[in-house]
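Owing to the predicted nature of the structure, the values given are computational and were not obtained by experimental measurement.
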Number of protein chains: 2
Amino acid sequence: MDIKKMLVNDRVKPYLLKARYGIEKESKRVDLSGNLAKTDHPKSISMRDDHPYIQRDFSELQMEIITPVTETLEEQFNYLAAIHDVAYRSMGNNEMLWPLSMPPQLPEKEENIMIAKLKSVENVLYRQTLSNSYGRRKQMICGVHFNFEFGDELIQALFNTQSEIKDYRHFKTEIYLKATRNYLHYRWLFTYFYGASPSSEKNFFEEDSLNEAVRSIRNSKYGYTNSDDVQVSYSSIQNYLSDLSSMVKRGLLSEEKEFYSPVRLRGGHHVSDLADHGIRYIELRNIDLNPFEPYGIGYEQAEFLHLFLIYLLWKDEGENCDEWVKMGDFYNDIVALEHPLEHTQFEIEAKNMIDEMEHLAAILNLTISDTLFVHLREMLMDPSKTLAGRLYKESEKSSQGQVATSIAKENYKKLWDKPYQLTGFTDMELSTQILMFDAIQQGIQVEVLDRQDQFLKLQLKDHVEYVKNGNMTSKDSYVSTLIMENKTVTKKILQQHGFRVPKGKEFNDIEKALRSYDIFSTKPFVVKPKTTNYGLGISIFKEGANYEDYQKAITLAFKEDSSVLIEEFLNGTEYRFFVLNDKVYAILLRVPANVKGDGKHTIEELVIEKNRDPLRGRDHRTPLEIIQLGELENLMLKGQGYRADSIPKVDEIIYLRENSNVSTGGDSIDVTDEISDDYKKIAVDAVSALGAKISGIDLIIENKDVPAANNNAYGIIEANFNPSMYMHTYPYKGKSRRLTMHIIHYLFPELLQSQE
Amino acid sequence: MDIKKMLVNDRVKPYLLKARYGIEKESKRVDLSGNLAKTDHPKSISMRDDHPYIQRDFSELQMEIITPVTETLEEQFNYLAAIHDVAYRSMGNNEMLWPLSMPPQLPEKEENIMIAKLKSVENVLYRQTLSNSYGRRKQMICGVHFNFEFGDELIQALFNTQSEIKDYRHFKTEIYLKATRNYLHYRWLFTYFYGASPSSEKNFFEEDSLNEAVRSIRNSKYGYTNSDDVQVSYSSIQNYLSDLSSMVKRGLLSEEKEFYSPVRLRGGHHVSDLADHGIRYIELRNIDLNPFEPYGIGYEQAEFLHLFLIYLLWKDEGENCDEWVKMGDFYNDIVALEHPLEHTQFEIEAKNMIDEMEHLAAILNLTISDTLFVHLREMLMDPSKTLAGRLYKESEKSSQGQVATSIAKENYKKLWDKPYQLTGFTDMELSTQILMFDAIQQGIQVEVLDRQDQFLKLQLKDHVEYVKNGNMTSKDSYVSTLIMENKTVTKKILQQHGFRVPKGKEFNDIEKALRSYDIFSTKPFVVKPKTTNYGLGISIFKEGANYEDYQKAITLAFKEDSSVLIEEFLNGTEYRFFVLNDKVYAILLRVPANVKGDGKHTIEELVIEKNRDPLRGRDHRTPLEIIQLGELENLMLKGQGYRADSIPKVDEIIYLRENSNVSTGGDSIDVTDEISDDYKKIAVDAVSALGAKISGIDLIIENKDVPAANNNAYGIIEANFNPSMYMHTYPYKGKSRRLTMHIIHYLFPELLQSQE
């Protein structure tokens, strides 16, 4: 099998970079001073042992972040970032994640290192066993595991170029075995660049084993390794499995999964899957936490690993497999224990390998970051630019612990900066981001089926739910949303069910509308196009209208739509009721864009000040919008006898807009607890009459202290089938309502049952 | 109470023409020769005794058509027409409706007139009683009942102009009582214009009671009336009710409902409702079938009745109520028994009344048909223009029976002309029209909530279903339709469930799409914009493509949409599977617009010939579309070496289009029975994977005789959440599939249960 030739085959080339990735990343929870946290795993995170994204490793303090499998590194890092957001904000304000593989100062007594309080007795017992074999201190070392699978299309294309191996699974296994052996042989190169555990903190070593800083304690013999007796062959999958099982039989390993090789061969969830299915992917385990990346591993670093694996597949290997692997261990230990600022003794080999890799990338047309080889060469020439070198140098100014604490604090600040956003997915709608956050926290698997379209697949065990735009779900029927989309139909149905809606008529003919002047002229009424939603073409006559104005309004409305509604105008305040599964979860009052005078500042200054609120931004990327001072606002000011440079009196409220939309700078004020139950019942019953389960229904209430049963106490304006949720969660004033979480519990009621 | 003054009040005027209407119209079923039918009520119509639209009256042969209550006469006549369509087409090809009030020749023996075979024993017994009291012959007289209610806004406005009567219901009852008494007094005017039962046919009278033709046998003492002893006062609702109940006690009436006044006072379904609620509306019963209107009553006639009632409300009445009413009976009998071509002896009074009515319409600004008063004056001046006059004159040429038979035949032809349409609603989508037809037939109440938006409310007893576009219902979840709307999401989900979909990728970036050339270049593939549906921007490469063509195709597609799909192209034939509730109900093959040569005619002539099919029309108003010979078709011909004036050989098929859409003249061919169950199962399972209940799913099948389980036997192209239904019901070739009826049974499963 001439892999070199196979890789440059034109039928193979298009698929070379096809792959699937997954990351597991452990780190320790610490308090804001950098001391190990004394708390339990955060309760807000679902405590299931099989949480797909956030688990505990050996210790209760060790948070493990697990990404889903993705087919691009971009997606992989999006998830890594997003799950970090969830982990951080779930820990609360007083904790952060330690950015180093090596733990901060440990308790003097090893038994004070808390074993993870898992639900499964078996899982706790296993940790007990590890604790006995390796000691709890070593278990506190953290790292990154990088799961890597060559794209099936790639393996298939490679398979088709040869006829030597007839069985596809066998072929695939051979591919992975070669890459693995070479990885084990050459992994010292990775250790040189990305090793990042130069020193340990107090109480890690019982006695100081290492006097000098190194590149990677974790990847050296002082790290977390099996005893030297544990030897497993990578010459074939049969040998690998039989060696493993003999190690277990001989008591050198408690279970197969205790085998801590830098590369673990994976067939599926269990070691036995290897025998049945062959190798499906490999797990690279020799990755120290990168202190300079907020998520413990950098994008370029992952790209390096991918390219490195293709290179290792291409590169010749030694004839004696076991010897070749063993030599790798030897080289790696040397490099791991070199001083971080020292040039490596394999510098020439390293340079050759980098050159070869770059050449290979060129002949295979692989597209990778422009800077990768620049950085690799820089690190090679100047060891202080390697991760270990950088960390060591920075620590010289203070101490490694202090450097780590201040890095942790910076990450902490960054991850708390915009709590309404989910990093990695900030181009999506805010409500969808918040829903994804909650789903991740609850241990529900989140797959983005269509990013532009806000289309998610949520899965909890076998239970799948599809969600679009955060609240378009399987719970609402198609026709109920179509009813809500159509104002005339909504009104007819509500009226037939005895609710008060503004009386009115739909016109498809301008002449007929004009002839109906008599019916509307003397009462408050509004003329509006049937479907437009942006306020265009709407005229309000609060005290009736003369025929001329009536005619103008109708002409205006017919310019926007071929159907026009003329409706009774209802006096009062408009409230948005968010109804979910026959319950009101939030009520919002929306107030037009405004500022409050202080007798000192101009309106313009007050606007600038109010816009400083981090909740205000642009284009729905934040819960509130920047207040503008454009043409419309200036007109509105003029109408009130003001200009932008006027100075309003103390406590005087100046409105800058007629409309109360949050999207034009309006304030959102939660009033859920201030509205009485009878109005909530009206909202719930009306939504139910429309056959809907999720709806934002707008009620005009003349006086909320008057019972809803009173004559004309309320009127229903419209019902929205995709009501904004984030504005209830991050209101300008009042209590936050986590509607996305209610949606999740509605979609997955089993979550609440399992908590009981 | 000065009603005259009240009516001209400005607060009253806008509402004067507000009203609610309902029509009941009986007619006899006859065979195509005009003889009484010998068949039972059609089985295709739901046989429920309480069918809201189509019932049997006294006899099994008497079809009664009942419209729903509407607020405009336009809607009223739409329903009247639509229900006639359903009644006619349900009777089958061998029957029609007799257009006269007087029956055709009756059987010699009265007992051969079949009493309606109703389910309820009580209803049958009641008819038995009537048969004993009046004889079956008289029961065969048919007519129209016009139910009329003044708009609530009108009565409310009138009520508000006065303070004499404090109780609203009482006020309303007085309004109706005045109109009723005046109607009874002046109804001779209506009899003059619209009386239309001049002669009887054989065996109606046991002995010839009438030697000469009259205006209206039905409205004379020879018609269907109570015995002279039955006298009821209209002076107050109390007197009316107590008189009625005393008539029953004295055995003059078997029940209150046997009181056959020309005006029946209605409070609700039962006479007793009058005591509780007062008069809610009145039922005018003195209307002969209008032989010259296909539905038994004309629009102008209904307008006359409305205006007449307003006029009668306005007009002074005599002081002695009972005397006043009795005088009316006397006058009416005189007019009814006048010869149809004779001037009426009340001509001067009639002229004055018409003048008064026209004046009133003017001062009240009532908008009515311009021609109404023209026609009334014509009829007044020339009795041969009244209905009775016209019918009498036409009958002179042959016989009344022959005239009636030929009128019935014309109606029959008209109502069968476009069996896919529902008269009165032909501006709506074809599938919606067919669904409404089926609903009416099944006795489901149909309300059009929004005509332009194809939004229906269907109701069977308390069970309400809303339907838009014929198949958007409460059965599909919102998200499943959103899934089907999104091609990328549809494909991902189908793929995850193990179905074969064309492999491919979505691109949002033209550069990335270009870079993926290698992946697609060598295999058949298609480039298409993500959301467009009209074939714009689609390029198909059946044998791969060079880079230049690839680039062109991608640029083209990105012009149509910001997202572009590049997909594997599947070879085979595309079939549309219509899946409903986990079952395939129809499979359609769509063939591009084509003609078949005969060796004689040019392509243009063949197209003209093929377009003669009554199923072909324009703008989706017919099941098939006219084949065009425009630019595209001529190009397509040119590509094959033809022109429009070429003469194709015998049996040669000439295609005029590349695409197979029915909307561009394609043929639809039902192949439901030709596709094996394994493919049907694929369609059902795929729709189920999408969570959908109603879907038109498109499968490409390479060879339908090869099992679906074979490798690449099929591929799924897309699933449609609003699949066309009419194309399956009226295919170009093959069996008709009444999908709308399946939808109705799916929405209302109780229909099937009640049939069992």
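- Of the listed residues (Asp518(A), Asn365(A), Thr488(A), Val489(A)), the greatest number of heavy-atom pairs within a distance under 4.5 Å of chain B belongs to Val489(A).
- Proximity to chain A involves both the backbone and the side chain of Asp476(B), based on heavy atoms less than 4.5 angstrom apart.
- Heavy atoms of Thr522(B) lying under 4.5 Å from chain A belong exclusively to its side chain.
- For Lys530(A) and Asp453(B), the salt-bridge test fails: no basic side-chain N is under 4.0 Å from an acidic carboxylate O.
- Interface residue Tyr15(B): only side-chain heavy atoms are found under 4.5 Å from chain A.
- Of the atoms belonging to Val464(B), not a single heavy atom falls under 4.5 Å from chain A.
- For chain A, the nearby part of Asn508(B) is the side chain; its heavy atoms alone come within less than 4.5 Å.
- Chain A forms the most heavy-atom pairs under 4.5 Å with one residue out of Glu506(B), Lys468(B), Gln452(B), and that residue is Gln452(B).
- Only the side chain of Lys492(A) comes within contact range of chain B, judged by heavy atoms closer than 4.5 Å.
- Between atom CG of residue Asp450(A) and atom OG1 of residue Thr490(B) there is a gap of 10.0 Å, rounded to the nearest 0.5 Å.
- Counting heavy-atom pairs closer than 4.5 Å to chain B, the top residue among Ser477(A), Ser563(A), Gly691(A), Ser474(A) is Ser477(A).
- Remark: Asp370(B) CG is loosely packed, at most 12 non-hydrogen atoms of other residues, nucleotides or ligands lying under 6.0 Å away.
- Between Gln496(A) and Lys457(B), the closest side-chain pair of non-hydrogen atoms falls below 4.5 Å.
- When Arg11(B), Glu447(B), Lys13(B) are compared by the number of non-hydrogen pairs under 4.5 Å with chain A, Glu447(B) comes out ahead.
- Of the atoms belonging to Lys491(A), not a single heavy atom falls under 4.5 Å from chain B.
- Taking chain B as the reference chain and counting heavy-atom pairs below 4.5 Å, the highest number among Leu449(A), Asp10(A), Thr367(A) is found for Leu449(A).
- Contact annotation for Lys693(B): neither backbone nor side-chain heavy atoms come within less than 4.5 Å of a heavy atom of chain A.
- Ring geometry for Tyr478(A) versus Tyr478(B): interplanar angle under 30°, hence parallel rather than tilted (30 to 60°).
- Neither the backbone nor the side chain of Glu153(B) comes within contact range of chain A; no heavy atoms are under 4.5 Å apart.
- Here the side chains of Glu465(A) and Val479(B) are not in contact, with every heavy-atom distance at 4.5 Å or above.
- Ser516(B) does not touch chain A: none of its heavy atoms, backbone or side chain, sits under 4.5 Å away.
- Using a 4.5 Å cut-off between heavy atoms, Tyr466(A) touches chain B through backbone and side chain atoms alike.
- For a residue to count as touching a neighbouring chain, one of its non-hydrogen atoms must lie under 4.5 Å from one of that chain's; by this rule Ser480(B) does not touch chain A.
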